[in-house]
Protein chains: 2
Amino acid sequence: MTRPKRIVADDPAGKATLHDVAKQAGVSAMTVSRVVNEQPGVKPATRDRVERVLNQLGYRPNIVARGLKAAETNTLGLLVPDVTNPYFPSLVRGAEDVAFDAGYTLVLHNFIEDREREAAALTMFEERRVDGVIVCSPRLPESRLHEHLARQTAAVVVNRRAPAEIAGSVRVDHEVGARLAVRHLLELGHRTFGVLAGPDDSTAGQERLAGIHEELKAAGITLQEASIIHCPPTMKGGSDASKVLLERDPRPDAVLCFNDLVAAGTLETARNLNLSVPDNLSVVGYDDIAYASMFTPALTTLRVPTYELGAHAMRMLLGRMNGEPRSIGIVVQPELIVRNSTSTPRRTLQESSA
Amino acid sequence: MTRPKRIVADDPAGKATLHDVAKQAGVSAMTVSRVVNEQPGVKPATRDRVERVLNQLGYRPNIVARGLKAAETNTLGLLVPDVTNPYFPSLVRGAEDVAFDAGYTLVLHNFIEDREREAAALTMFEERRVDGVIVCSPRLPESRLHEHLARQTAAVVVNRRAPAEIAGSVRVDHEVGARLAVRHLLELGHRTFGVLAGPDDSTAGQERLAGIHEELKAAGITLQEASIIHCPPTMKGGSDASKVLLERDPRPDAVLCFNDLVAAGTLETARNLNLSVPDNLSVVGYDDIAYASMFTPALTTLRVPTYELGAHAMRMLLGRMNGEPRSIGIVVQPELIVRNSTSTPRRTLQESSA
DNA sequence: AACCGTTTTGTTAACGTTACCAACAAAGAC
DNA sequence: GTCTTTGTTGGTAACGTTAACAAAACGGTT
C-alpha cells in the first residue's frame, strides 16, 4: 500500500524543486524562480548557469504549489452528462481547443445522467479550486444548481437559461427546433404524432415539448399525454420507449425523438416490427450527430453546431473570468436537415393492400 | 483584466479557510482539520460547534493545499487522440468509472493526432503532479514517450507495448484482429484487397498491417504497396483515401479499414461511385462502435471491448500506483462481427451483365 | 492534595512557489 | 574618493493544509 514516489528509483530528474536547483547552481531560489519565469533582472551569466542546472535536473515547475500561492489553478471544470453520447465529444473538443489556446487545462467529468453525481462533481470542482466551470445540460433543479454555481469564480451553463449574475448561458433554441420538426411533418401530411421526450429532468426536453405543443395547437391538433414517453437519451432508451409507443392504437405515423440516439433506437424497433421507415413511419432526430447520415435510412434531424457551442461557452467563461461585462446569453438556432427518414405517410395505402 | 475572486461579492461562503473557521469557532486550526477529516479525539461538544461554523461558512477543503502537503493530487491524467472518435468515449467512461470509485479525478486531454500536443500534454501532466497517467494510442515514438512516462509516478499505455518498468500495457491483439478479417474475406472468395491503413505513426495500424500481410502470404497472395493507403482515422480521411483506392485498376473487391469511421467514409465513397456494398465491394471496419450496426449496410467489423479496455487500464494504473507487483500486460482479443457489408464477390456477374 | 494515565487541544514547521523588500555590487556623476 | 543610481541577488513570509509533537484538561487513585 506504500506509494513509491518514483518508478525509476535512480532517476535524478524525478521531482527536483526550485531549492534543489538553487543549491546546485549556487544561487537563491528566487533567482531560479526568475529564470524559470523569464523575468528580467538576471545577469546573463547567472541565467545560463541556472538554465544548465534546470535542464540537467529536468526541473518542472510545480503547478500545484504555484496555484496555492496565486490562488489560481489554471484549471477549468467541464461537466457533461455522458461523453458516450456523440453530441458531447465535439462540444468538449470545442471547449478544449479554446481553453488550450488560452493556456488552461480542462478537468472533464461525466455525471451519467445522475443528479447526485452532478452535484458531487460540482463540489469536487469547488474543492479543487478550478478557475471556472462549464456545465452542459444540467439535470439539477435550478435552486441546487445555482447554489453551486454561485460559489464558483465563474460559470457558464450550456442548454439552460441562467441569470447573468450566476452564470453565462449558451443554448440552442430548442423550442424553435421542435417547431421546425413539427412543421415539416405537418407539411408532409402527418396528423398522428408520438414523442420520445428524453429524460424528464432535461430542460432542453421541456423546451422542445413546449414547442411541439404550440406548433400542433396552431394546427388544431392536440397531442395526447400517452403519446409522450420519457426515456434515457440513449439508443437503448429509444428502442425500449419506441416499442411502447408503436404498439399504441392508433399507432403514430410520425415520431419526434429527443436526440439522434433515441431516433436510432426507434429505427431499430421499427425494423423489428417490420415497419418501413419512412413509408409506414416518419422519424425525426435531434442534434445531427456525425453518423445520422449513415443510418438506415439517413436520418432527418435538427443540426446543432455542437463544436461552436463548446467554443462559445468557453470563450464566454474566459470572458467572465476576466471580469468582462456580463453579456446576455448566446442562443443559437438549429437547422432542419431533411434526409430519408421522413416522407408523406403511406400507411393507408399499405393498410389497404394488406 | 482583473480577476474577481468571487462573482457574488457578498457571498460569505466564498472561500473560507480552516483558520477562518477556527477563529470563528474559537478553536485551533488543527482541531478544525480533525473535524473535517473525521479523525477521532475531538470532544463531541467541540465537534458540534465546529461543524456548525463549517456549515455556516460553507467551508470546502482546499485540495490544492492538501495535495501540496501530501505530495499527492488525487488526480490522474488521461490522454487520448480524439474523443470525437467514438472509439474513445466509452474507453474514457470505463477509466473514469473506475477512477471515480477509487476517489480520483480525471484530467482528460485530446492531442488530436498531433505529436507535439501529445508531448505538451505529457509535460503538463508532470507539472500538475498527477498521481498517474494513462496514454491511449500514443503517436509519439518510443524514445520520447518513454522519457516522459519514466518521469511519472505510474503510467499505463493502451494499444501499445511497453517495458514493465516504464509503464503497464493494455492492448488489443490487432494482429489477430486483422487476420480474422482477412480470413473472413478469403473465405468469401475475395482475392483483390485494399487497405486503408490509418495514420502511419499508429502502432496499432502497423500491427494490423503485419497481420494482413502474414495472413495473405499464407494464402499465397501478395498485397501491392499501392493498395495500402494511410489516412487520418476519420470519416473524411476514409472517404478521401477510398476515392483514390477505388479508382485503382484492378479495383479491389474488398477493403480493410483502419476503423469504423474510415469504413463509414468508404461506404460513402462507394455510394457516390455507384458501387453496391457488399455486391461490388466488401468493407470491413474495426472497433465495432455503437453505430456500426446502424450504417448502410450494417458494417462487418471487429469488436473491441473499449469500456473494459479503459477499466482494465485504470485498474492497472491504480495497482501500479500502490506498488503492486508489475503484472505483465493485458492483451484482449477482438471478435469478428459479420454483418452486411461483406459477401461473396459478385463483380464478375455485374460486369458481364453491364 | 499529589499523582497518574487518558483524552482533548494547541503549536510549530513544512510542502514548493513567489511577492515584497532589503542588501549588495558595479557603474557613473561630481 | 564619496555619493547616487542602476542592476542583480538574497531573505522572509505567506498561500491552506496537516504530521508530529507539546501542553493542557480531565477523571480517577492513593
Side-chain angles (χ1 to χ4, degrees), chain A residues 2-3 5-6 14-51 53-54 57-75 126-131 153, chain B residues 2-3 5 13-51 53-54 57-75 126-131 153:
Chain A
T2 57
R3 308 199 166 182
K5 271 217 160 183
R6 11 189 112 150
K15 300 274 153 84
T17 73
L18 269 184
H19 286 93
D20 297 340
V21 177
K23 200 181 296 177
Q24 188 96 37
V27 294
S28 77
M30 264 321 295
T31 302
V32 181
S33 171
R34 279 186 272 255
V35 172
V36 170
N37 296 306
E38 294 175 331
Q39 283 175 10
V42 181
K43 203 157 49 163
T46 317
R47 168 156 291 166
D48 283 356
R49 190 151 39 93
V50 171
E51 268 170 355
V53 180
L54 240 25
L57 263 53
Y59 171 79
R60 294 269 175 271
N62 185 330
I63 294 199
V64 176
R66 203 181 265 177
L68 179 59
K69 187 84 173 77
E72 268 182 26
T73 54
N74 258 272
T75 304
E126 281 176 53
E127 296 182 346
R128 235 157 245 287
R129 300 293 192 272
V130 296
D131 299 333
T153 311
Chain B
T2 56
R3 307 197 167 183
K5 271 217 160 185
K15 301 274 153 84
T17 72
L18 270 185
H19 286 93
D20 298 340
V21 177
K23 201 180 295 175
Q24 188 95 38
V27 295
S28 76
M30 259 327 289
T31 302
V32 180
S33 171
R34 278 186 272 255
V35 172
V36 170
N37 296 305
E38 293 175 332
Q39 281 175 14
V42 181
K43 202 158 49 165
T46 317
R47 167 156 292 165
D48 282 356
R49 188 151 39 93
V50 171
E51 268 169 355
V53 179
L54 240 25
L57 263 53
Y59 171 79
R60 293 271 175 270
N62 185 329
I63 295 201
V64 176
R66 204 180 262 178
L68 180 58
K69 186 84 172 78
E72 269 182 26
T73 53
N74 259 273
T75 305
E126 282 177 54
E127 296 181 346
R128 236 158 242 287
R129 300 295 192 270
V130 296
D131 299 333
T153 310

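Note: hydrogens, waters and symmetry copies are ignored here, and every other heavy atom, side chains too, is used. Lettering of chains follows the sequences in order, A, B, ..., and the numbering in each one begins at 1.
- If you take CZ of A:R129 and C1' of D:dG16, they are 9 Å apart, rounded to a whole angstrom.
- In this structure the side chain of B:R49 never reaches within 4.5 angstrom of the side chain of B:T31, judged on heavy atoms.
- By the 4.5 Å heavy-atom criterion applied to side chains, B:R66 and A:E127 are not counted as neighbours.
- Between B:S28 and B:A65, it is B:S28 whose nearest contact on DNA chain C lies nearer the 5' terminus.
- Counting any heavy atom pair closer than 4.0 Å across all strands shown, B:K69 reaches a base atom.
- In this model, the phosphate group of C:dC15 is not approached by any side-chain N or O of A:N62 to a distance below 4.0 Å at OP1 or OP2.
- Regarding contacts with the backbone of C:dT9, a side-chain N or O of B:T46 is found under 4.0 angstrom from either OP1 or OP2.
- Atom pair B:K15:NZ and D:dT17:C1' shows a separation of 16 Å (rounding to whole Å applied).
- The separation between B:E127 atom CD and C:dT17 atom P is 11 Å, rounded to whole Å.
- One finds a side-chain N or O of B:T31 lying less than 4.0 angstrom from the OP1 or OP2 phosphate oxygen of C:dG10.
- Atom CD in B:E72 sits about 13 Å away from atom P in D:dT18, given to the nearest Å.
- Atom CG of A:N62 and atom CD of B:E126 lie 12.0 Å apart (nearest 0.5 Å).
- In the interface, the side chain of B:R34 is paired with the base of C:dG10 through a donor and an acceptor atom under 3.5 Å apart.
- If you check every strand for non-hydrogen atoms under 4.0 Å, B:V27 touches sugar and phosphate atoms only.
- Rounded to an integer number of Å, the gap from A:R66 CZ to C:dC15 C1' is 16 Å.
- Just one of B:L57, B:V32, B:V53 meets the side-chain contact (heavy atoms from CB on, under 4.5 Å) condition when paired with B:D20; it is B:L57.
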TODO: Dump the intermediate steps for side chain to side chain contact (heavy atoms under 4.5 Å, CB included) on A:E72 and A:T153, then the final yes or no.
DONE: CA-CA 10 Å; A:E72 268 182 26; A:T153 311; over 6 Å; no
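- What separates CG of B:L18 from P of D:dA14 is a distance of 17 Å, to the nearest Å.
- Distance NZ (B:K43) to C1' (C:dT9): 10 Å, rounded to an integer number of Å.
- Each of A:R60 and B:R49 lies near DNA chain C, and the nucleotide nearest B:R49 is the one positioned closer to the 5' end.
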